[in-house]
Amino acid sequence: MLYRLPPLNALRAFEAAARHLSFKQAARELSVTPGAISQQIKRLESDLGTQLFRRRPTSLQLTEAGQDYLPVIRRAFERISEATERLQVARGIEVVTVSSMSGFAAKWLVPRLGRFRALHPNIDVRISTSWHLVDFGREDVDVAIRHGLGRYPGLRSWRVLVEDMVPVCSPKLLAGRPALRELSDLGNHTLLHDEERRDWSLWLEAAGVTGIDGTRGLSFSEETLMLEAAIEGQGIALGRSALIERDLEQGRLVKPFDVQIPNAFAYYLVCPEGRADRPKIVAFRDWLLREAGREAGSASP
């Protein structure tokens, strides 16, 4: 039988955009640009000959056709995922799917995964990056790593890492002009932000620095992009200690000041209560907490 199927990437883009009702959130989840999501959706709509979304200036809505199409596509993905997992289990291989923010995944988690593979060669790790809160009932995710205060009702949580907020820059920026010796010198340099532009104002206030506008400068949608801009000498970033560790060790970034401000937020591993004792999740949890220098018994604070 010859199946007439749209491109798989277009279907993935549609399912993610429909679930979030946002091209931007779908792009974050699938690690592509919002423009790429938009193009995939347009291609899918062209192939199907019908409109799936109503695009408003400030919102995205499913059309009637989109509402009919979504559960069918979602069931198809679920069946493919279930069949894949059954095959892997039959081969003695399990998969643990981890949802994480892209910055934490790229800068902290991924560089350490080789040690997990060495300890557990029969458990494959699948990393999915996104900022949205996982719906464990609808998404194919086993555990999630989130940045917050540890308040996750209905979920089991373990605190993985606490962190400080630290100004960092390129060594060449530190050696150049204008000077960067005192905290007041920050006013003569470009500040680099994430897209919320809140951290610098909070840090300057906590450090007792006045007379500097903590909202000015360049902002980036991803923390990894902000840190890359700092590495390239485009300004000074306020880095999370967990994410800048390797760049500091390898000399790509330096700390211009010996001033660190504790962050009230921390990184937490979370999963539904009913899954917390599954062997593959226990294996990943225990390894993650050992990597972070914590004991597995330290549950949510």
Would a distance-only check, ignoring hydrogens and angles, find a side-chain to backbone donor-acceptor pair under 3.5 Å from D194 to R197? yes
Any side-chain heavy atom of M165 sitting closer than 4.5 Å to one from D199? yes
Mutual orientation of the aromatic rings belonging to F116 and W287 [parallel < 30°, tilted 30-60°, perpendicular > 60°]: perpendicular
Give the intermediate values and the outcome of side chain to side chain contact (heavy atoms under 4.5 Å, CB included) for residues F104 and I145. CA-CA 9 Å; F104 185 84; I145 297 170; 3.7 Å; yes
Answer yes or no: is there a donor N or O on one side and an acceptor on the other, between the side chain of R74 and the main chain of R19, under 3.5 Å? no
Validation row: L60, R55 side chains within 4.5 angstrom (heavy atoms): yes
Within a radius of less than 6.0 Å around CD of E64, do more than 12 heavy atoms belonging to other residues, nucleotides or ligands occur? no
Donor-acceptor contact below 3.5 Å, side chain T63 vs main chain L52: yes
Which atoms form the tightest heavy-atom contact between L248 and K255, and what is the distance? CD2-CG, 4.0 Å
Quiz item: cation-pi between R112 and W108, 6.0 Å / 45°: yes
Any chance you could measure C271, atom SG, to D277, atom CG, to the nearest 0.5 Å? 8.5 Å
Applying a strict under-4.5 Å side-chain criterion to I, L, V, M, F, W and Y, I'd like to know whether I261 and L149 cluster together. no
For a side chain to side chain contact (heavy atoms under 4.5 Å, CB included) check, start with the C-alpha distance between V143 and V270, then their side-chain angles and the critical distance, and finish with the verdict. CA-CA 6 Å; V143 296; V270 301; over 6 Å; no
Determine whether a donor-acceptor pair (N or O, by modelled atom type, separation under 3.5 Å) exists between the side chain of Q260 and the backbone of D164. no
Taking the side chain as everything from C-beta on, heavy atoms only, tell me whether T224 gets closer than 4.5 Å to K107. yes
The test is side chain to side chain donor-acceptor pair (under 3.5 Å); show your working for S157 and R151 and say whether it passes. CA-CA 9 Å; S157 68; R151 300 166 187 160; over 6 Å; no
If we only count heavy atoms from C-beta on, is the L119 to R290 side-chain gap below 4.5 Å? yes
Could you tell me whether the side chain of R216 and the main chain of G187 form a donor-acceptor pair under 3.5 Å? yes
If you measure from CG on L44 to CD on E15, what distance do you get to the nearest 0.5 Å? 12.5 Å
Electrostatic pair R117:D124 at N-O distance under 4.0 angstrom: yes
Side chains of W158 and Y268: closer than 4.5 Å at any heavy-atom pair? no
Distance check, rounded to the nearest 0.5 Å: N188 atom CG versus L180 atom CG? 9.0 Å
So CG of L288 and CZ of R285: to nearest 0.5 Å the spacing works out to 10.5 Å
Rounded at 0.5 Å granularity, tell me how far OG in S170 sits from CD1 in I236. 11.0 Å
Report yes or no: do I244 and L192 belong to one cluster of Ile/Leu/Val/Met/Phe/Trp/Tyr joined by side chain heavy-atom distances under 4.5 Å? yes
Just so I know, are the side chains of V168 and D247 near enough to count as touching, which here means a heavy-atom distance under 4.5 Å? no
Heavy-atom side-chain proximity of L191 to L218 below 4.5 angstrom: no
Is it the case that one hydrophobic cluster holds both L186 and V259, taking links as side-chain heavy atoms less than 4.5 Å apart, direct or via other members? yes
Shortest non-hydrogen pair, P167 vs P256, comes out as O-CD, 3.3 Å
Side-chain (R275) to main-chain (F136) donor-acceptor, under 3.5 angstrom: yes
Check the pair K42, S38 against side chain to side chain contact (heavy atoms under 4.5 Å, CB included), reporting the backbone distance first and the verdict last. CA-CA 6 Å; K42 287 180 181 178; S38 178; 3.7 Å; yes
Are more than 12 heavy atoms from other residues, nucleotides or ligands located less than 6.0 Å from atom CZ of R252? yes
May I ask whether L11 and V72 are part of the same hydrophobic cluster, defined by side-chain heavy atoms of I, L, V, M, F, W, Y residues being less than 4.5 angstrom apart, directly or through others? no
To the nearest 0.5 Å, what is the distance between OG (S241) and CG (N263)? 8.5 Å
Crowding at CD, Q61 (>12 non-hydrogen neighbours, <6.0 Å): yes
Pair R126 + D142: basic N to acidic O under 4.0 Å: no
Nearest atoms (heavy-atom pairs only) where P7 meets D47: CD-OD2, 3.6 Å
So ring pair (Phe, Tyr, Trp, His ring centres under 6.0 Å) across residues 41-70, not counting sequence neighbours, yields F14-F53, F14-Y69, F23-F53
Between the side chains of E94 and K280, is the shortest nitrogen-to-carboxylate-oxygen separation below 4.0 Å, so that they form an ion pair? no
Are V96 and V160 co-members of a hydrophobic cluster defined by side-chain heavy atoms under 4.5 Å apart? yes
Show, in sequence, the C-alpha distance, side-chain angles and deciding distance for E228 and M226, and conclude whether the side chain to side chain contact (heavy atoms under 4.5 Å, CB included) test is met. CA-CA 5 Å; E228 284 302 313; M226 177 187 71; over 6 Å; no
Check the surroundings of atom CZ in R12: do more than 12 heavy atoms from other residues, nucleotides or ligands lie under 6.0 Å from it? no
Heavy-atom closest contact (A106 atom, P111 atom, distance): O-CD, 3.5 Å
Is there side-chain contact between H189 and P178, with at least one heavy-atom pair below 4.5 Å? yes
Donor-acceptor check, side chain of T129 to backbone of S100, threshold 3.5 angstrom: yes or no? no
If only side-chain N and O atoms count, and only distance matters, is there a donor-acceptor pair under 3.5 Å linking E163 with H147? yes
Would you indicate whether R198, at its atom CZ, is surrounded by more than 12 heavy atoms from other residues, nucleotides or ligands within a distance under 6.0 Å? no
Kindly check if the number of other-residue, nucleotide or ligand heavy atoms within 6.0 Å of CD (Q67) is above 12? yes
